[in-house]
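These notes are about the structure you will find just below.
Numbering of ligands and ligand atoms starts at 1, following listing order. Every heavy atom of this structure was used, including side-chain atoms; hydrogens, water molecules and symmetry mates were not.
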Amino acid sequence: MTTKVILDVDTGTDDAVALMVAALSPDLELIGATTVNGNTSVENCTENTLRVFDYIGKSHIPVFEGMSVPMVRAHAQQAISAKGIHGDLLDLPPARSKKQARHAVDWLIETYLASNGDITLVPVGPLTNIAMAIRMEPRILERIPEIVIMGGAHEHGNSTPSAEFNIWVDPEAAQIVVNCGRPIRMIPLDATHRALVSREDCTRLREIGTPAALATAICTERRIGGYDTSQPMHRLGAAPVHDALAVCAIIDPSVVTTKFIAVDVETSGPLTDGRTVCDFRHRSLRSANVHFAVDADEPKFVRMLTEILSRTA
Ligand code: BDR
Ligand code: CA
């Protein structure tokens with residue numbers, strides 16, 4: 001049986017890989033992608049998403065453009081290292097297909113209200129579209145079986161020492177989503193930094209040579225260059241592909257190890273704005289609300305990517 005998913009993306013080199021995994025996995029049915037401001041402007045994120053689908057022959061998957069700024073804050077922030085790791089436009093041919101006319105938030109609301117409660121929601125960018133949809137039509141919540149988020153960090157952030165990028169861009173939206181009362185799995189940096197893809201893995205993908213394998217090698221090699229110079233991992237020549245790990249965790253939950261804990265989002269601290277505050281030791285009276293990934297199985301992740309991206313349909 002396949003799992004229906006919607007990806008909410010700020011495409012981005014790792015969102016691109018996540019989209020390809022979701023579009024090509026025989027275990028998932030990707031019913032649409034929504035775009036949001038994040039790694040670059042929402043217009044570029046939309047163009048990049050269309051580029052990915054065109055390149056791998058999946059242009060029939062609809063793409064809906066969403067929010068261009070955070071929910072409350074006036075400005076779209078960008079991570080210091082975004083240019084090196086993502087660039088504004090992916091190194092793929094310009095899109096031939098077009099975005100849909102509907103706004104992403106309207107489409108999310110309509111789609112969930114019309115659904116049987118069987119579409120997993122997978123936000124891998126700032127949570128603006130998702131929080132807007134919840135605020136505009138709270139009845140969608142009962143139709144969302146699970147939200148699998150790439151975002152957050154306990155050990156250390158990447159936008160600031162405290163905060164991970166997707167949460168830091170729109171902390172108010174993230175606070176709404178993590179407290180929405182639905183089942184939530186969070187794939188934070190704590191897990192994604194333990195599942196690196198290496199230059200050797202990229203060489204193997206290039207040898208496989210399918211459009212998805214090639215596009216993944218192109219995107220990941222760019223990431224490795226960016227990480228090696230701006231935020232080196234525990235070994236050089238390898239980088240996390242955060243958003244793809246979240247999609248793989250839906251296909252095979254054992255690719256990450258999770259703990260069920262209370263998580264909330266800081267929205268005001270001058271040093272900790274956007275931090276996911278994780279109550280691993282039950283220091284608050286709050287009930288657990290998030291299955292928070294603390295580790296990942298790197299060989300399994302790379303194997304899954306290689307197998308799924310070898311596919312052409
Ligand atoms: C997250 O931030 C973005 O730059 C990536 O696409 C990923 O979703 C990692 O912090
Ligand atoms: Ca992303």
message = Does K99, at its NZ atom, have more than 12 non-hydrogen atoms belonging to other residues, nucleotides or ligands within less than 6.0 Å?
response = no
request  = Check whether more than 12 heavy atoms from other residues, nucleotides or ligands sit under 6.0 Å from atom NE2 of H234, and answer yes or no.
outcome  = yes
request  = Salt-bridge test for E172 and R73: reply yes if a basic N is under 4.0 Å from a carboxylate O, no otherwise.
outcome  = yes
Taking [X] for the side chain and [Y] for the main chain, is one N or O donor matched with an acceptor at less than 3.5 Å?
X	Y	result
N39	C45	no
T13	I85	yes
R51	L90	yes

Please write down residue, atom name and distance for the protein heavy atom closest to [atom].
atom	value
atom 4 (O) of ligand 1	N39 OD1, 2.5 Å
atom 8 (O) of ligand 1	D243 OD1, 2.6 Å
atom 6 (O) of ligand 1	D14 OD1, 2.5 Å
atom 2 (O) of ligand 1	F165 CD2, 3.2 Å

Would you mind running through ligand 1 and noting each atom that sits below 4.0 Å from a heavy atom of [X]?
X	answer
D15	6 (O)
E164	1 (C), 2 (O), 9 (C), 10 (O)
H86	4 (O), 6 (O)

If you consider just the N/O/S atoms, which atom of [X] is the closest one to the Ca ion (ligand 2)?
X	result
D15	OD2
D10	OD1
D243	OD2

task = Decide if the gap between the ring center of H60 and the ring center of F53 is smaller than 6.0 angstrom.
result = no
key: Cluster check L19, M304: I/L/V/M/F/W/Y, side chain < 4.5 angstrom   =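 Result: yes, single cluster for both.
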task = State the SG-CD1 distance between C248 and I308, to the nearest 0.5 angstrom.
result =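 C248 SG to I308 CD1: 5.0 Å, rounded to 0.5 Å.
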task = Please work out whether any backbone atom (N, CA, C, O) or any side-chain heavy atom from C-beta onward of N158 is under 4.0 Å from ligand 1, and answer side chain, backbone, both or neither.
result = side chain
task = Answer yes or no: does an N/O atom from V124 fall short of 3.5 Å to an N/O atom of ligand 1?
result = yes
The Ca ion (ligand 2) to nearest N/O/S of D14 less than 3.0 Å = no
message = If I take every N, O or S atom of V124, is at least one of them less than 3.0 Å from the Ca ion (ligand 2)?
response = yes
